[in-house]
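This one's a predicted model, so the numbers in the text were calculated from it and none came from an experiment. For reference, positions follow the sequence shown, starting with 1.
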Amino acid sequence: MALMDFIKKQFIDIIQWTESGDGTLAWRFPMAEMEIQNGASLTVRESQVAVFVNEGQVADVFGPGMYKLSTQTLPVLTYLKNWDKLFESPFKSDVYFFSTRQQVDQKWGTPQPITIRDKDFGAVRLRAFGNYSFRIGDAKLFHTEISGTRDTYTVADLDGQLRGLVLQNISNAIASSGVPFLDLAANQIQFAQALAAQLVPEFAKIGIKLENITVQNVSLPEELQKILDQKIGMGMVGNDMGKFMQYQTAQAIPKFAEGAANGGGIAGDAMGLGAGVALGQVLAQNLAQGLSPNAAAQAAATQQQPAVAVVNPNDVMTTLEKLGELKTKGILTQEEFDAKKVELLKKLV
């Protein structure tokens with residue numbers, strides 16, 4: 001029994017890998033001090049690739065299937081080991097398995113706002129996030145460039161590298177898409193396609209095939225969002241500064257009332273509100289003059305016209321009654337009373 005255990009320990013007849021969970025990209029078959037026999041069976045399941053490595057040099061690559069190891073099935077290894085038609089058994093070689101199935105729902109996002117050029121705003125700092133999926137497209141290249149001789153290599157180990165590539169190419173993707181920032185939210189598919197076009201060759205350099213990428217949200221930092229909201233508000237009122245200032249004033253009144261309720265500086269708030277209204281009126285007038293070609297002439301004509309006073313008849317009658325009392329008391333003469341009466345009655349005409 002001890003002799004049989006020794007034999008099983010030293011020689012390998014079956015080489016295979018059954019994935020025990022998600023997230024493993026590369027796995028090295030445990031050789032220890034064991035060797036592979038002539039005619040050993042290699043099983044590569046669907047969504048797997050097996051790679052034989054001889055002394056650090058990649059030899060033969062196997063796709064899904066069952067193989068009997070011989071000089072015919074290991075031509076590269078035969079050449080590297082100088083097996084001139086004679087298969088030396090047993091032999092030593094490292095065997096790596098790679099998972100080629102899709103790794104889905106991988107997250108990407110901008111931890112800090114990134115600055116991009118925009119034809120409407122000149123430069124914009126934005127945030128964006130989404131997800132993507134990938135798979136190993138070239139196991140040999142992935143082994144030499146990324147995973148190396150590690151026993152296992154996981155999606156988590158690669159996550160930081162792939163995220164960095166996504167962030168590095170966002171600016172170029174937006175520039176190549178030709179979509180202004182204000183239209184990005186409505187053209188996220190176009191943005192994602194432009195981003196994918198930038199990333200596919202970058203991923204391929206390390207043996208990774210990008211299957212899909214989505215853009216789920218594009219947004220501005222809070223302070224820039226406020227400015228954009230104001231611009232949108234201007235557009236909603238047809239770029240009418242007067243109406244916009246009325247809208248701004250209406251928005252400020254609840255804040256003013258809230259400040260008063262909380263014991264804030266009411267006088268200061270009132271002054272600020274009044275100054276804002278006054279400034280809005282001045283800006284509205286200036287904007288109207290700038291937009292209307294005849295505005296200047298109309299303004300000058302309006303200034304030259306005398307102001308027409310509006311007289312309340314009740315006020316005139318009250319004044320005449322008081323003047324009559326003064327005449328009765330002898331304070332006014334009949335001539336003075338008559339002259340004043342004529343003047344007041346003219347205002348009613």
Side-chain angles (χ1 to χ4, degrees), residues 8 11-32 34-54 56-80 87 90-108 131-159 161-163 165-166 196 199-214:
K8 290 181 180 180
F11 304 109
I12 299 173
D13 291 326
I14 299 175
I15 302 174
Q16 62 180 349
W17 175 39
T18 303
E19 297 181 58
S20 58
D22 296 329
T24 301
L25 295 175
W27 178 77
R28 182 170 66 180
F29 187 85
M31 288 290 186
M34 295 184 290
E35 296 181 335
I36 303 172
Q37 290 194 107
N38 181 18
S41 174
L42 170 66
T43 302
V44 183
R45 292 177 170 80
E46 290 293 335
S47 74
Q48 290 182 356
V49 169
V51 176
F52 279 70
V53 179
N54 178 61
Q57 187 172 358
V58 175
D60 299 280
V61 179
F62 295 87
M66 295 186 64
Y67 305 89
K68 183 177 180 180
L69 300 181
S70 65
T71 54
Q72 286 76 29
T73 55
L74 293 168
V76 179
L77 191 63
T78 298
Y79 173 78
L80 293 176
F87 188 92
F91 68 94
K92 292 185 66 67
S93 176
D94 291 321
V95 183
Y96 294 88
F97 284 88
F98 296 87
S99 173
T100 59
R101 61 191 177 93
Q102 281 198 56
Q103 307 298 326
V104 299
D105 197 25
Q106 305 300 308
K107 308 295 185 182
W108 68 269
N131 61 11
Y132 65 97
S133 61
F134 71 92
R135 71 171 81 236
I136 292 179
D138 187 333
K140 179 178 178 180
L141 183 59
F142 184 79
H143 170 77
T144 56
E145 295 292 332
I146 300 296
S147 61
T149 59
R150 293 175 55 170
D151 291 336
T152 59
Y153 197 90
T154 66
V155 172
D157 295 325
L158 190 62
D159 181 67
Q161 174 70 16
L162 297 185
R163 284 181 187 234
L165 288 175
V166 174
L199 291 174
V200 166
E202 297 298 324
F203 277 35
K205 291 178 181 178
I206 57 175
I208 296 296
K209 181 182 179 183
L210 178 67
E211 292 291 344
N212 182 49
I213 187 166
T214 66

> What is the minimum heavy-atom distance between Thr152 and Trp27, and which atoms define it?
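Smallest interatomic distance, heavy atoms only, reads CG2-CD1, 3.6 Å.
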> Start with the C-alpha distance between Ile206 and Leu162, add both sets of side-chain angles, then the distance that settles side-chain contact (heavy atoms from CB on, under 4.5 Å), and finish with yes or no.
CA-CA 10 Å; Ile206 57 175; Leu162 297 185; 4.1 Å; yes
> Could you go step by step and tell me if Leu42 and Val44 meet the side-chain contact (heavy atoms from CB on, under 4.5 Å) rule?
CA-CA 7 Å; Leu42 170 66; Val44 183; 4.0 Å; yes
> Is a side-chain donor-acceptor pair under 3.5 Å present for Thr214 with Asn131?
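Yes - a donor-acceptor pair under 3.5 Å links their side chains.
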> Assess the residue pair Phe52 and Asp94 against the criterion (side-chain contact (heavy atoms from CB on, under 4.5 Å)); give the C-alpha distance rounded to whole Å, side-chain angles, the decisive distance to 0.1 Å, and a yes or no.
CA-CA 6 Å; Phe52 279 70; Asp94 291 321; over 6 Å; no
> At what distance, to the nearest 0.5 angstrom, does CG of Leu210 lie from OG of Ser133?
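Rounded to the nearest 0.5 Å, the CG-OG separation comes to 7.0 Å.
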> Nearest heavy-atom pair of Thr149 and Tyr96: which atoms, and what distance?
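Shortest heavy-atom contact: CA-OH, 3.4 Å.
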> Less than 3.5 Å apart, which donor and acceptor atoms pair up between the side chains of residues 16-25 and the rest of the protein, not counting sequence neighbours?
{"from": "Gln16", "atom 1": "OE1", "to": "Arg45", "atom 2": "NH2", "distance (Å)": "3.1"}
{"from": "Glu19", "atom 1": "OE1", "to": "Arg101", "atom 2": "NE", "distance (Å)": "3.4"}
{"from": "Asp22", "atom 1": "OD1", "to": "Arg101", "atom 2": "NH2", "distance (Å)": "2.9"}

> Given 3.5 Å as the limit, does a donor-acceptor pair link the side chain of Ser93 with the main chain of Val53, or not?
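Yes, because the side chain of Ser93 sits within donor-acceptor range (under 3.5 Å) of the backbone of Val53.
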> Taking all heavy atoms of Ser47 and all of Pro64, pick out the closest pair and write down the distance.
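What the structure gives for the nearest pair is N-CG, 4.5 Å.
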> Donor-acceptor pair, distance only, cut-off 3.5 Å: does the side chain of Arg28 make one with the backbone of Arg150?
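Absent.
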> Can you tell if the side chain of Ile15 reaches within under 4.5 Å of the side chain of Thr43, non-hydrogen atoms only?
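With C-beta onward as the side chain, the pair stays apart.
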> Would you say the side chain of Phe62 lies within less than 4.5 Å of the side chain of Leu74, judging by non-hydrogen atoms?
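Yes, at least one pair of side-chain atoms sits under 4.5 Å.
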> What residues form a side-chain hydrogen bond (donor to acceptor under 3.5 Å, both in side chains) with Lys107, not counting sequence neighbours?
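Only Asp105 meet the side-chain hydrogen bond (donor to acceptor under 3.5 Å, both in side chains) criterion with Lys107.
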> Quick check on side chain to side chain contact (heavy atoms under 4.5 Å, CB included): which of Gln102, Gln103, Glu211 does Phe134 satisfy it with?
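Only one option passes, and that is Gln103.
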> Assess the residue pair Trp108 and Tyr132 against the criterion (side-chain contact (heavy atoms from CB on, under 4.5 Å)); give the C-alpha distance rounded to whole Å, side-chain angles, the decisive distance to 0.1 Å, and a yes or no.
CA-CA 8 Å; Trp108 68 269; Tyr132 65 97; 3.8 Å; yes
> For Asn212, enumerate each residue passing the side-chain hydrogen bond (donor to acceptor under 3.5 Å, both in side chains) test, keeping only those at least two apart in sequence or located in another chain.
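Checked Asn212 against side-chain hydrogen bond (donor to acceptor under 3.5 Å, both in side chains); zero matches.
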> Quick one: side chains of residues 136-145, donor-acceptor pairs under 3.5 Å with protein atoms, not counting sequence neighbours, listed by atom name and distance.
{"from": "Asp138", "atom 1": "OD1", "to": "Lys140", "atom 2": "N", "distance (Å)": "3.2"}
{"from": "Asp138", "atom 1": "OD1", "to": "Leu141", "atom 2": "N", "distance (Å)": "3.0"}
{"from": "His143", "atom 1": "ND1", "to": "Gly148", "atom 2": "O", "distance (Å)": "3.2"}
{"from": "Thr144", "atom 1": "OG1", "to": "Lys140", "atom 2": "O", "distance (Å)": "3.3"}
{"from": "Thr144", "atom 1": "OG1", "to": "Leu141", "atom 2": "O", "distance (Å)": "3.0"}

> Between the side chain of Arg135 and the main-chain N/O of Thr100, is any donor-acceptor distance below 3.5 Å?
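Checked: pair present.
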> Who pairs with Phe98 by ring-ring contact (aromatic ring centres under 6.0 Å, His included), at least two apart in sequence or on another chain?
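Per chain and number, Phe98 pairs via ring-ring contact (aromatic ring centres under 6.0 Å, His included) with no residue.
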> To the nearest 0.5 angstrom, please state how far the CD1 atom of Ile146 sits from the CG atom of Leu158.
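Here the rounded value is 6.0 Å.
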> Would you find a donor on one side and an acceptor on the other, under 3.5 Å apart, between the side chain of Gln48 and the backbone of Glu46?
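Absent.
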> Under a 4.5 Å cut-off applied to non-hydrogen side-chain atoms, are Val61 and Val49 in contact?
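Counting from C-beta outward, Val61 and Val49 do come under 4.5 Å.
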> Can you tell me which residue pairs pass the side chain to side chain donor-acceptor pair (under 3.5 Å) test with a partner in residues 57-68, sequence neighbours excluded?
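For residues 57-68, and leaving out neighbouring residues, there are no side chain to side chain donor-acceptor pair (under 3.5 Å) pairs at all.
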